[in-house]
Undergrad: 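Okay, here's the structure, questions in a sec.
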Amino acid sequence: MTRSFRPLANVALLSVFGFLISAMPESAAAQCGTTPPTGSVTWTTNWCDEFNGASNSTINPANWTYDTGGGGWGNNELEVYCAPTSNTSPCSTSSPNAYIDGSGHLAIQVRLVGSTYTSARLKTQGLQSFHSGRMEASIQIPSHAGLWPAYWMLGSQPGVSWPTVGESDIMENWPTTSNIPGPGATGNRSTIHTKLTGGSGIGKNFTLPAGQQVDTAFHVYGEIWSANMMQFYLDDPTQPFFVVTASDLPAGDVWPFSSTADSFFVIMNMAVGGTLGAPTDSGTGSQAPMLVDYVRQYVPSSIPAPQMTPAGSITVTAGATTGNTTTINMTGTNGSGRVAFSCSTNAPKASCLVTSNDSVNKYTVDFSNSSSATPTVTVTTTANTRRGGKSNGTPPGNYTVTVNAFTISSTYATNPSASTNVNLTVN
């Protein structure tokens, strides 16, 4: 979906917080909910907010701060965001837009105050930052004209602007009646935004099974986030509906989600109107609040490195589009989930790519119900068209193709789970 710039507030503050949350005090961890294994992978809750306080008790200031004010937020939005402590009109401490409801939920409430919509946008910026793992929230969201709720993550690399810094939208919902039709009450959209994909991003819609809706029940929205890969799911983490990898990006783009320099923070908000929410109607602002039962980050158990053995070498004439492939015989741990790849070669003016027959994403292999796979390595070289023995393409010679594999317990693209080399001869 087309989307304009979402401003980064006080990004420089994150320079001292750009780390993976690695531990919590024992008392805090004990208060977090758990999640069952997925196949052979066990998950440990590393951070959470369960919102179990008394009615109108303070939202945990160790986890959340607030964006405040109006001005459209780069998307022509209509709302003014209010912190619970703000008492400057149109905000009011007597009717806050974000509050603990006393039944185990965070509530984010859109209100119409005179002719102005008020809402809330909570964020962990400067307080909690994340780089990998499984990000998950249980949410019930209202669905009505003009409402645009979201649970998303924004990169915090100092001095890097949006969209290069990266954005991952785990839950994003807007009406089917909007100017740009959305998933509405029966679905969700998950999207990533990168340097070249920009406002449109790369994303996919999910439609709930018949009879289910986002506004009548809680649903679990999550992403399994590992090096070079994000897997988005709704309710069932073993059945991601959208898997995106670094190989899915257009040429020249930057994958910002696997860098040691770039951690992310969580945002939860409900916008009104704007690029995706418009138009509103006479009833906008009278809906029930967005209710959040919990927000958690789980980390996976360490997955054994897959074994990779090239089936053969590649010998190719520069520029040829046949005979430029080989396969890799892989053995992984059954039940360990998907593996993503990176591929590089030291051959000049050449590139490579690893593909498979995976039905969800061709740039991954899936060990959820198998322990073997045979991905294909394809090398693209540049033909030599200059005469007289001078090369202007990929020069003849012997080279190496390096294939790296990343399991879901991999966190950084510079630290693959396993690697192998394929011999390449260019004639």
Side-chain angles (χ1 to χ4, degrees), residues 6-33 45-70 73 79-111 118-131 133 135-139 149-156 158 170-171 221 263-271 289-299:
R6 280 182 165 175
L8 288 135
N10 300 322
V11 168
L13 293 175
L14 270 294
S15 60
V16 295
F17 293 98
F19 55 88
L20 168 68
I21 298 296
S22 58
M24 291 188 300
E26 184 177 351
S27 60
Q31 297 171 8
C32 286
T45 312
N46 194 54
W47 172 84
C48 76
D49 201 322
E50 305 285 330
F51 307 112
N52 287 328
S55 179
N56 295 316
S57 58
T58 301
I59 299 168
N60 190 343
N63 289 337
W64 305 102
T65 184
Y66 305 87
D67 280 322
T68 58
W73 294 93
E79 79 287 337
V80 172
Y81 284 126
C82 300
T85 55
S86 176
N87 208 29
T88 301
S89 181
C91 305
S92 173
T93 55
S94 63
S95 53
N97 297 96
Y99 57 93
I100 302 297
D101 72 353
S103 298
H105 308 130
L106 166 72
I108 299 177
Q109 178 76 65
V110 170
R111 304 182 189 277
T118 61
S119 187
R121 179 156 128 165
L122 290 79
K123 59 183 182 177
T124 68
Q125 184 179 17
L127 301 171
Q128 309 287 344
S129 63
F130 309 90
H131 183 265
M135 308 302 301
E136 184 178 276
S138 175
I139 312 173
Y151 158 51
W152 50 297
M153 304 195 72
L154 195 58
S156 58
I170 302 171
M171 181 279 288
Y221 303 88
S263 294
F264 285 68
F265 58 93
V266 173
I267 303 174
M268 294 190 296
N269 68 291
M270 188 144 58
M290 169 177 163
L291 296 177
V292 184
D293 186 36
Y294 66 78
V295 182
R296 298 175 191 157
Q297 181 217 22
Y298 311 109
V299 293

Undergrad: Less than 4.5 Å apart, side chain to side chain, heavy atoms only: is that true for Arg121 and Tyr66?
TA: no
Undergrad: Are any of the side-chain heavy atoms of Gln31 and Glu50 separated by less than 4.5 Å?
TA: no
Undergrad: Side-chain contact, heavy-atom cut-off 4.5 Å: Val266 with Lys123?
TA: no
Undergrad: When Tyr151 is tested against each of Val295, Asn269, Ile267 for side chain to side chain contact (heavy atoms under 4.5 Å, CB included), which residue passes?
TA: Val295
Undergrad: Any heavy-atom pair between the side chains of Tyr81 and Thr118 that's under 4.5 Å?
TA: no
Undergrad: Is there a side-chain contact between Met171 and Met290 (heavy atoms, below 4.5 Å)?
TA: yes
Undergrad: Considering residues at least two apart in sequence or located in another chain, which fulfil the side chain to side chain contact (heavy atoms under 4.5 Å, CB included) criterion with Asn60?
TA: Asp49, Ala62, Asn63
Undergrad: Establish, from distance only, whether the side-chain atoms of Glu136 and Tyr298 form a donor-acceptor pair under 3.5 Å.
TA: yes
Undergrad: How far does CD of Gln297 sit from SG of Cys32, to the nearest 0.5 angstrom?
TA: 10.0 Å
Undergrad: Is Glu79 close to Trp73 at the side-chain level, that is, under 4.5 Å between some pair of heavy atoms?
TA: yes
Undergrad: Going from OG on Ser55 to OH on Tyr99, what distance comes out if it is rounded to the nearest 0.5 angstrom?
TA: 8.5 Å
Undergrad: Could you walk me through whether Trp64 and Met268 pass side-chain contact (heavy atoms from CB on, under 4.5 Å), step by step?
TA: CA-CA 10 Å; Trp64 305 102; Met268 294 190 296; 3.5 Å; yes
Undergrad: Test your reading of the model: is there a side-chain donor-acceptor pair from Asn87 to the backbone of Thr93, 3.5 Å cut-off?
TA: yes
Undergrad: Compare every heavy atom of Leu106 with every heavy atom of Ile100, then report the nearest pair and how far apart it is.
TA: CD1-CA, 4.4 Å
Undergrad: Taking the side chain from Arg296 and the backbone from Asn46, do they hold a donor-acceptor pair closer than 3.5 Å?
TA: no
Undergrad: Only counting residues at least two apart or in another chain, list the ones meeting side chain to side chain donor-acceptor pair (under 3.5 Å) with Thr88.
TA: none
Undergrad: Taking the side chain as every heavy atom from C-beta outward, state whether Pro84 and Ile59 have any atom pair closer than 4.5 Å.
TA: yes
Undergrad: Once salt bridge (charged side-chain N to carboxylate O under 4.0 Å, His left out) is applied, what residue pairs with a partner in residues 94-105 remain, sequence neighbours excluded?
TA: none
Undergrad: At their closest point, which heavy atom of Phe265 faces which heavy atom of Gly155, and how far apart are they?
TA: CE2-O, 4.0 Å
Undergrad: Measure across Asn97 and Cys82 and return the closest heavy-atom pair with its distance rounded to 0.1 Å.
TA: OD1-CB, 3.4 Å
Undergrad: Between Thr45 and Trp47 (side chain of the first, backbone of the second, donor and acceptor by atom type, cut-off under 3.5 Å), is there such a pair?
TA: no
Undergrad: Can you tell me how far the OG1 atom of Thr65 sits from the CG atom of Leu127, to the nearest 0.5 Å?
TA: 6.0 Å
Undergrad: Please check this pair: side chain of Ser119 against backbone of Val110, looking for a donor-acceptor N/O pair closer than 3.5 Å.
TA: no
Undergrad: Over all heavy atoms of both residues, which pair between Asn52 and Gly104 is shortest? Give the atoms and the distance, please.
TA: OD1-CA, 3.6 Å
Undergrad: Is there side-chain contact between Phe51 and His105, with heavy atoms separated by less than 4.5 Å?
TA: no
Undergrad: Does Ser156 use its side chain to pair, donor to acceptor, with the backbone of Ser263 at less than 3.5 Å?
TA: yes
Undergrad: Write down the atom of Leu122, the atom of Ala98, and the distance for their closest heavy-atom approach.
TA: CD1-CB, 3.9 Å
